[in-house]
Amino acid sequence: MKNPTPASGGGCSPSATPTLWVVIDVGCLECGVESTPIGWFRTEKGAEAWASVQNMMTKGWRDGGQTNAQVFAFAVPLAPETASGGNDNG
């Protein structure tokens with residue numbers, strides 16, 4: 001399941017805000033199963049594929065409770081010197 005409001009960006013333009021796609025195996029509060037970060041990906045497609053694999057492997061059950069691997073988008077702000085192509089080396 002995707003984050004309902006994915007962050008914008010993902011392009012290569014210096015002014016674009018890159019997006020990282022994070023897979024989290026979301027646990028169950030009632031069951032006492034903690035959420036577990038699985039990994040981050042540069043593409044939504046890669047993250048969705050890994051979340052699908054994780055859900056097939058666990059069959060929605062881990063550590064005595066329900067879980068569901070989900071994909072979330074995070075915008076990664078660039079430092080001003082990175083966005084403008086500059087550097088800190090003088």
Looking at [X] and [Y], what are the two nearest heavy atoms and their distance?
X   : Y   : answer
G65 : C31 : CA-CB, 3.8 Å
G64 : V33 : C-CG2, 4.3 Å
V71 : A51 : CG2-CB, 3.9 Å

Task: Common cluster, F41/M57, ILVMFWY with side-chain heavy-atom separation under 4.5 Å - done: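 In one cluster: yes.
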Open item on the list: I'd like to check the side-chain contact (heavy atoms from CB on, under 4.5 Å) partners of I24; sequence neighbours left out, ordered by chain and number.
Closed with: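 Counting only residues at least two positions away or on another chain, I24 forms a side-chain contact (heavy atoms from CB on, under 4.5 Å) with V22, V26, S35, F72.
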When rounded to the nearest 0.5 angstrom, what is the spacing between [atom1] in [X] and [atom2] in [Y]?
X   : Y   : atom1 : atom2 : value
I38 : Q70 : CD1   : CD    : 11.5 Å
L29 : E34 : CG    : CD    : 11.0 Å
F74 : L20 : CZ    : CG    : 9.5 Å

- [ ] Apply side chain to side chain contact (heavy atoms under 4.5 Å, CB included) to W21 and V23, showing your working.
- [x] CA-CA 7 Å; W21 301 92; V23 178; over 6 Å; no
Task: Side chains of T67 and W61 in contact at under 4.5 Å (non-hydrogen atoms) - done: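 No, every pair of side-chain atoms sits at 4.5 Å or beyond.
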Open item on the list: Donor-acceptor pair, distance only, cut-off 3.5 Å: does the side chain of S52 make one with the backbone of E48?
Closed with: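 A pair under 3.5 Å: no.
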Open item on the list: Test: salt bridge (Lys or Arg N to Asp or Glu O under 4.0 Å). Region: residues 50-68. Which pairs qualify, not counting sequence neighbours?
Closed with: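 As it turns out, the salt bridge (Lys or Arg N to Asp or Glu O under 4.0 Å) pairs with a partner in residues 50-68, which skip direct neighbours, are D25-R62.
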